[in-house]
Amino acid sequence: MTLSSRRSTLRFLLGAVAGAALAAASARAQIAVFDPTNYAQNVLQAARALQQINNQITSLQHEAQSLINQARNLTSLPVSVLSQIQQTVNQTRALIQQAQNIAYDVGQIDHAFQSLYGSVSMSASDASLVTDAQSRWRNTVAGLQDAMRTQATVLGNATTYQAQVSTLVTASQGSDGALAATQAGNQLLALQAQQLSDLTALLASQARAQDLKAAEDATAAAQAAEQRRRFLQGKTGYQPGNAQMFYGH
């Protein structure tokens with residue numbers, strides 16, 4: 001065999017050995033790709049990541065529900081009777097300010113009692129006594145009229161109050177959140193305060209009328225005593241006479 005043939009044969013053998021070695025290494029590499037332990041760890045990590053995502057979704061849902069509840073709690077009451085209550089307050093205040101002759105004022109009351117009520121002046125003329133008596137009578141009638149007007153106003157307001165209470169209770173029961181319920185409660189308290197104000201005005205007007213009547217009666221009694229004294233102490237005095245009864249024939 002020649003030298004050239006030997007070299008060719010050696011190259012062939014070396015190539016075959018190298019090819020076999022490469023094939024074996026490739027086979028070993030392919031077998032080692034699937035690692036059960038590594039696969040289990042990857043699955044566990046994926047499960048943990050999925051759980052975290054679910055937790056985040058649940059947290060977002062809770063936050064969204066919380067925002068919805070807050071929005072409901074901040075929703076205002078759709079109805080309001082405060083303007084109507086204020087109108088009623090103004091009507092009651094105006095009615096009190098319209099008190100006739102003697103108003104609900106300490107200064108006016110003191111002046112009226114100093115000039116018209118109490119003791120009767122022994123030096124006043126008969127005409128002055130009659131004029132004062134008429135003034136007292138007018139004051140009493142005016143006080144009674146004021147009391148009756150107040151009664152009529154309060155009774156008229158009662159019907160309005162009933163409708164307002166029904167409206168507020170219905171709105172409160174159907175409210176979505178705390179703000180609306182609180183607003184309904186505040187309006188009910190304002191309504192109750194106005195009812196108490198009306199009741200106070202009614203009692204005050206009735207007491208005023210009764211006091212005027214009592215003051216008139218007391219002064220009238222004093223004036224009657226003074227007029228009787230003047231009559232008995234007159235220059236001519238009282239002269240008894242015969243009373244004749246008339247009978248039909």
Side-chain angles (χ1 to χ4, degrees), residues 82-164 190-246:
L82 294 179
S83 61
Q84 300 176 11
I85 295 175
Q86 186 60 45
Q87 290 177 0
T88 306
V89 171
N90 295 335
Q91 290 175 358
T92 303
R93 184 182 294 113
L95 187 63
I96 294 175
Q97 293 175 350
Q98 292 173 2
Q100 303 177 65
N101 297 341
I102 301 178
Y104 295 88
D105 181 83
V106 176
Q108 291 190 22
I109 293 173
D110 290 343
H111 176 73
F113 270 78
Q114 289 175 2
S115 59
L116 295 176
Y117 298 93
S119 60
V120 176
S121 175
M122 300 180 65
S123 60
S125 63
D126 292 340
S128 178
L129 293 178
V130 173
T131 301
D132 290 344
Q134 291 176 344
S135 297
R136 290 190 296 271
W137 175 80
R138 284 193 295 268
N139 290 339
T140 300
V141 173
L144 293 172
Q145 185 179 6
D146 289 340
M148 295 179 68
R149 291 174 60 195
T150 304
Q151 291 173 357
T153 301
V154 170
L155 290 176
N157 291 342
T159 303
T160 303
Y161 293 151
Q162 291 177 355
Q164 291 173 346
L191 189 60
Q192 184 180 23
Q194 178 54 30
Q195 289 175 327
L196 292 176
S197 177
D198 281 358
L199 179 60
T200 301
L202 176 60
L203 294 177
S205 65
Q206 291 177 341
R208 174 174 173 269
Q210 292 174 358
D211 292 341
L212 286 174
K213 184 63 173 66
E216 181 193 8
D217 291 343
T219 308
Q223 180 173 326
E226 173 61 19
Q227 290 176 326
R228 183 172 60 255
R229 182 190 67 79
R230 293 183 183 186
F231 175 76
L232 294 177
Q233 293 181 356
K235 291 182 180 181
T236 57
Y238 172 71
Q239 299 296 329
N242 296 325
Q244 182 178 0
M245 304 298 293
F246 295 91

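In this text the structure is predicted, and so the values were computed from the model without any measurement.
For the residue pair S205 and D146, no side-chain donor N or O sits within less than 3.5 Å of a side-chain acceptor on the partner. With 3.5 Å as the limit, one finds a donor-acceptor pair spanning the side chains of S135 and R138. Side-chain N/O atoms of Q86 and N90 include a donor and acceptor closer than 3.5 Å. Residues T140 and E216 bring a donor and an acceptor atom of their side chains to less than 3.5 Å of each other.
Under the 4.5 Å side-chain criterion, counting only non-hydrogen atoms from C-beta, I102 is in contact with I109. For the pair Q100 and V141, the minimum side-chain heavy-atom distance is 4.5 Å or more. Side-chain contact between L95 and T150 is present, with heavy atoms from C-beta onward closer than 4.5 Å. Annotation: side chain of L212 is not in contact with side chain of N101 (no heavy-atom distance under 4.5 Å). Here the side chains of R208 and D211 are not in contact, with every heavy-atom distance at 4.5 Å or above. Counting heavy atoms from C-beta outward, R136 and Q223 have side chains that approach closer than 4.5 Å. Residues L199 and Q195 are not in side-chain contact: their nearest non-hydrogen atoms beyond the backbone lie 4.5 Å or more apart.
Residue A209 comes nearest to G143 through the heavy atom pair CB-O, 3.5 Å, listed as atom of the first residue, atom of the second, then distance. The two atoms that bring T219 and Y117 nearest to each other are OG1-CA, 3.4 Å, heavy atoms only.
At distances below 3.5 Å, not a single donor-acceptor pair connects side-chain atoms of S197 with backbone N or O atoms of A193.
To the nearest 0.5 Å, the span separating OH on Y161 from CD1 on I85 amounts to 8.0 Å. To the nearest 0.5 Å, the span separating OG1 on T200 from CD on Q194 amounts to 10.0 Å. To the nearest 0.5 Å, the span separating CD on Q162 from CG on L191 amounts to 10.5 Å.
Between R230 and the choices Q227, Q233, E226, the side chain to side chain donor-acceptor pair (under 3.5 Å) rule is met once, by E226.
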